[in-house]
Amino acid sequence: MATANVVTPQSEDFPKWYQDVVAKAEMADNGPVRGTMVIRPYGYAIWERMVAEVDRRIKRAGAQNAYFPLFIPQSYLAKEAEHVEGFSPELAVVTVAGGEELAEPIVVRPTSETVIGEYMAKWIQSHRDLPLLLNQWANVVRWEMRPRLFLRSSEFLWQEGHTAHASAEDASAYARRIHTEVYNDFLTNVVAVPTFLGIKPPSERFAGATNTMTCEGMMKDGKALQMATSHELGQNFAKAFDIVFQSDAGESAHCYTTSWGSSTRMVGGLIMAHGDDRGLVVPPRLAPTQVIVMAVRDGDDAVDAACASIVEGLLASDVRVSLDRGRGSFGRRVTDIELKGYPLRVEVGPRDLAEGVVNLVRRDTGEKTLVPVADVVTTATALLETIQADLLAAATQRRDSQTVEVATVEEAIAAAQTGFARLAWDLVTPEIEKQLKGEALTVRCLQRADGSMPDHEKEAGLTCIIAKSY
RNA sequence: CGGGAAGUGGCGCAGCUUGGUAGCGCACCUGGUUUGGGACCAGGGGGCCGCGGGUUCGAAUCCCGCCUUCCCGACCA
């Protein structure tokens, strides 16, 4: 039977749909101060899974975690001209503390290049100290004009990596390694969001960087979302903070530094890349709960026993499983489960159980399969991998079908209304970029013809991706 | 920060034009019947009407300021 919409349909109002999902899947609430965000347990559980997966990959790439302070002397920001200019408009500054006006205002970190640069300078003496590979998990503050839960909040959670190297080549190679082996691998293989890897045009570069790389994902409304970013900082910060080392030849030289980050914005990307009109859809490898087991009828001893044993069997196979404790009718509980996007639901009912089977229901397709109780674990674990692959395939298919090659700026503007436009980069002058801005469009990234990442925006034969973005 | 819309129990709304201190649906609590796709009956609880000021005998309602939210721009992970 047709039921009333639980959330606003995507086709009716995509932003409203997004807010409905965030609220009804109990992911986050607005904080009391404009732009701040309360991350609720379910939203935080998803973030914790992201942290675990990203952190593992960062460590595999050789970086170590550390922690630097939330408060940064304002003078630090000023040391790198482009950096301070880029961040000034969004800084939160402390001018009074301990009941007294401060002699030097303190900035709440918008990012930590400056403090970390100061300490890198202190810790690095010799080429033997290089590369220095650091990462921190932290909150940062960037005052936002137009906040949106997860996508753009004034305070958000992220990891920021900061490294120092002896040569430009080494720095560049490491930033690229992080970009592909950490970010792209995580986004593709765990979040199941295919990305376009590329470099940002100079106009979109991080303040103080010589090169900025991005992972651009496509949301279901055809808009782009930068899901992670990596920067080559050249010697800009090394010069500003005197990060110098002595080479094996005994000469001193400035380091080359990099920085790279991924944030709670990825949660927003997850929602908009896979969610549907029933709510959230979480890929199995990311899901805090991969399988939810529910009794179709309460108070039936045989059903309860079967549920318990299925949960136990899945746990023993390292499946992240929960037993549904929802209240109310069957339909209500199913609706709530679907809102949360658990990849697989096991419905245990007395009638099926009498036949020795239970019902496995995929969240992504809604497909139901009756499975003998004895086969639940093997079927479920296989299905989880299928769902993971299918979500990536569907997202890739959607992205590719909504990405069109165009030959002119006019065609690009038209195509970018519903997706991505690929245009020859040499057609895009600064004037054209302005024109695109007037159409609410930006150049999301530059790629080589084969889709790989260029070394530099001046390479011949590059294409660019033009789209609306979050 | 510019342009638009809006803030009334947890959520969604009506009431405001034509001032007389609040109502509906869902949710919640109790009891009962239910339970294979948002159950039903009965009985309950809950609102400084965003905040502050002003006009008035009297303000959810009229006026001013601020805060917050949403949409569209400029800015951004």
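Chain letters run A, B, ... following the sequence lines, proteins first, then strands; residues in each count from 1.
Comment: A/Asp276 engages A/Arg363 in a salt bridge, judged by a side-chain N to carboxylate O separation of less than 4.0 angstrom. Between A/Lys434 and A/Glu439 there is no salt bridge, since none of the side-chain N atoms of the basic residue sits less than 4.0 Å from a carboxylate O of the acidic one.
Here A/Arg327 lies in heavy-atom contact (under 4.0 Å) with sugar-phosphate atoms only. If you check every strand for non-hydrogen atoms under 4.0 Å, A/Gly349 touches a base. Here A/Gly35 lies in heavy-atom contact (under 4.0 Å) with sugar-phosphate atoms only. Counting any heavy atom pair closer than 4.0 Å across all strands shown, A/Pro15 reaches sugar-phosphate atoms only and no base atom. Residue-level contact check: A/Ser153 touches the bases, meaning some heavy atom is under 4.0 Å from a base atom. Nucleic acid contact for A/Ala228: none, since no nucleic acid atom lies under 4.0 Å from a heavy atom of the residue.
In terms of polar N and O atoms assigned as donor or acceptor, the side chain of A/Arg345 comes within less than 3.5 Å of the base of B/G37 in a complementary pairing. Counting distance only, with no hydrogens placed and no angle test, the side-chain atoms of A/Lys368 and the base atoms of B/G36 include no donor-acceptor pair under 3.5 Å.
Here the P atom of nucleotide B/G73 and the NZ atom of A/Lys434 are 19 Å apart, to the nearest Å. Distance, A/Lys468 NZ to B/A74 P: 11 Å, rounded to whole Å. Across the protein-nucleic acid pair, A/Arg34 atom CZ and B/C51 atom P stand 19 Å apart, rounded to whole Å. Atom pair A/Met50:CE and B/A77:C1' shows a separation of 13 Å (rounding to whole Å applied).
No side-chain N or O of A/Ser153 forms a donor-acceptor pair with one of A/Glu155 less than 3.5 Å apart.
Base pairing annotation: B/U21 forms no Watson-Crick or G-U wobble pair, as no partner gives both donor-acceptor distances under 3.5 Å.
Using atom C1' as the reference point in both B/A27 and B/C13, the two lie 14 Å apart (nearest Å).
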How does protein contact run along nucleotides 39-47 of chain B, one letter per nucleotide 5' to 3', with B for base contact, S for sugar-phosphate only, - for none, heavy atoms under 4.0 Å? S--------
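For the salt bridge (Lys or Arg N to Asp or Glu O under 4.0 Å) criterion with A/Arg205, the lone passing option out of A/Glu457, A/Glu232, A/Glu82 is A/Glu457.
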